[in-house]
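Step one of this worksheet: look at the structure below.
Residue indices begin at 1 and follow the sequence shown. Since the structure is predicted, the reported quantities are computational estimates derived from the model, not experimental observations. Remember, it's 1-based here, ligands and their atoms both numbered in the order they're listed.
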Amino acid sequence: MTAMRSYLDHNATSPLRPEARAAMIAALDAGGNASSVHREGQLARSVVETARAQVAALVGASADMVTFTSGGTEANALALKGAGVERLVISAIEHPSVIETARAAGAEVHVAPVTAEGVLDLDRLDRVLARDKRRCLVSVMMANNETGIVQPLAQVVELARQHQALVHTDAVQGAGKTPIAWPILGVDMMSLSGHKLGAAQGVGALVARDGLTLTPLIEGGGQEKKRRAGTENICGIAGFGAAADAARVRDEAARLTVLRDRFEAGLVDLAPDAVIFGAGLERLANTSCFAVPGLTAQLLVIALDLDGVAVSSGSACSSGKVGRSHVLQAMGVAQDLAAGAIRVSLGWSTREVDIERALAALKTVIERSARRAA
Ligand code: PLP
């Protein structure tokens, strides 16, 4: 990012960390195929295994539970399709990579609603699970990518256990932003994505407990213990490991909370009627999702971009267009308010000056629209 720009869209992708860049450049010269027995192959193998241990350490798992994939989307698909269950229960606020995969998985799908606060409705989950005793997988994200609201995973695991269901969590947004202790969490599978942590795009992992049977999505060579065939993306994997290591060593939640709170205090000063989704709830330290009544997301995103600040609309879909946010809709947020939702997401590269620049840019838009309205 240039010095004059403030990138506040880490939930979309986090800029490459210097540690990841260095590891990737070194890995480009690793030379061999990690499946080869010669020295060059073994060098490549050691890069992959170092990264596997680093990724496992980030979530408190052991290295042999980690299967590298092409990203969070593929990890979610491997979990949902590979588990071979007859029923899938997902929350209404899952990422499209879970919702669409569930629909395509060939299992019966139940969507468990969230409360108006954006938290999974556990009573409804309990009822859905009790209704049918067929083999079931519950997939609930660790924290939502639009609002940052943390989901009650411990209770989800408890309920799932009572009903003999498996649990998968999409921890793509939670990992590196909130501490994760795999043994305490008690899930069966967890998805991770490199680029949300400061690695390159196109690499991720599924962490799965020992003994779980998973049918691969991609068959071929015996890589990744036959869970994911194909010659490993050594460079991407090396960067993922280094980014995971940096995220673990430098826990930034406290620093980001101060910056996020400063942003939200400034926002409310500028627009006392601003609505901050999930304020007061357990949220990721880096995420602020808000709407200012009367201002559309499109207007805000473009105006901020012209002033050097990159944020996204709370409802931006992968095509870049502003659509209707299924997350805010599931929370029952009124359509016109949801149409103004903006997501500001901070990360390792965010400094105080970025927050001040964002607030200054917001002030300009808010004052301009107030003059127009007058
Ligand atoms: N899950 C969540 C919660 C996400 O936010 C994203 C990316 O936006 C993904 C999954 C998909 O990850 P990837 O981009 O690595 O495929």
Side-chain angles (χ1 to χ4, degrees), residues 7-16 20 55 58-59 66-81 88 90-104 114 118-120 139-151 153 156 168-178 180 187 189-207 217-218 228 233 236-237 239-241 243-244 247 278 283-284 286-289 310-321 323 325-328 330 341 343-347:
Y7 181 82
L8 300 178
D9 201 10
H10 284 251
N11 286 11
T13 205
S14 196
L16 195 65
V55 169
L58 178 66
V59 298
V66 175
T67 299
F68 286 116
T69 64
S70 66
T73 299
E74 187 190 324
N76 285 339
L78 179 57
L80 268 63
K81 292 184 172 171
L88 284 166
I90 63 173
S91 85
I93 56 166
E94 294 302 307
H95 186 264
S97 58
V98 165
I99 297 176
E100 298 306 324
T101 301
R103 285 191 187 134
V114 294
V119 179
L120 177 69
S139 182
V140 175
M141 65 200 334
M142 185 166 283
N144 184 261
N145 45 302
E146 291 183 25
T147 62
I149 295 171
V150 172
Q151 297 303 308
L153 264 188
V156 170
H168 163 253
T169 188
D170 174 346
V172 163
Q173 295 292 346
K177 296 173 187 157
T178 182
I180 301 178
V187 297
M189 291 180 281
M190 175 189 290
S191 297
L192 304 172
S193 171
H195 73 107
K196 310 290 181 176
L197 295 169
Q201 295 161 358
V203 63
L206 182 69
V207 185
L217 296 174
I218 302 171
R228 205 277 183 176
N233 168 11
I237 288 172
F240 186 14
R283 272 186 300 163
L284 294 176
N286 80 316
T287 308
S288 182
C289 183
V311 300
S312 66
S313 115
S315 50
C317 60
S318 50
S319 64
K321 293 194 195 108
S325 160
H326 71 286
V327 174
L328 298 179
R343 178 185 68 189
V344 168
S345 51
L346 324 180

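A 4.5 Å side-chain heavy-atom check between Glu94 and Asn76 finds every atom pair outside the cut-off.
Within the 3.5 Å criterion, the main-chain N or O of Asn145 finds a donor-acceptor partner in the side chain of Arg343. A donor-acceptor pair under 3.5 Å links the side-chain atoms of Gln173 to the main chain of Asn11, judged by distance alone. The backbone N or O of His10 sits nowhere less than 3.5 Å from a side-chain atom of Lys196 that would complete a donor-acceptor pair.
Defined by atom type and a distance below 3.5 Å, a donor-acceptor pair is missing between the side-chain atoms of Gln151 and Ser91.
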Criterion side-chain contact (heavy atoms from CB on, under 4.5 Å) on His168 and Leu206, from CA distance to verdict: CA-CA 10 Å; His168 163 253; Leu206 182 69; 4.2 Å; yes
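Within 4.0 Å of ligand 1, heavy atoms belong to protein residues Gly71, Gly72, Thr73, Asn76, His95, Ser97, Met141, Asn145, Asp170, Val172, Gln173, Ser193, His195, Lys196.
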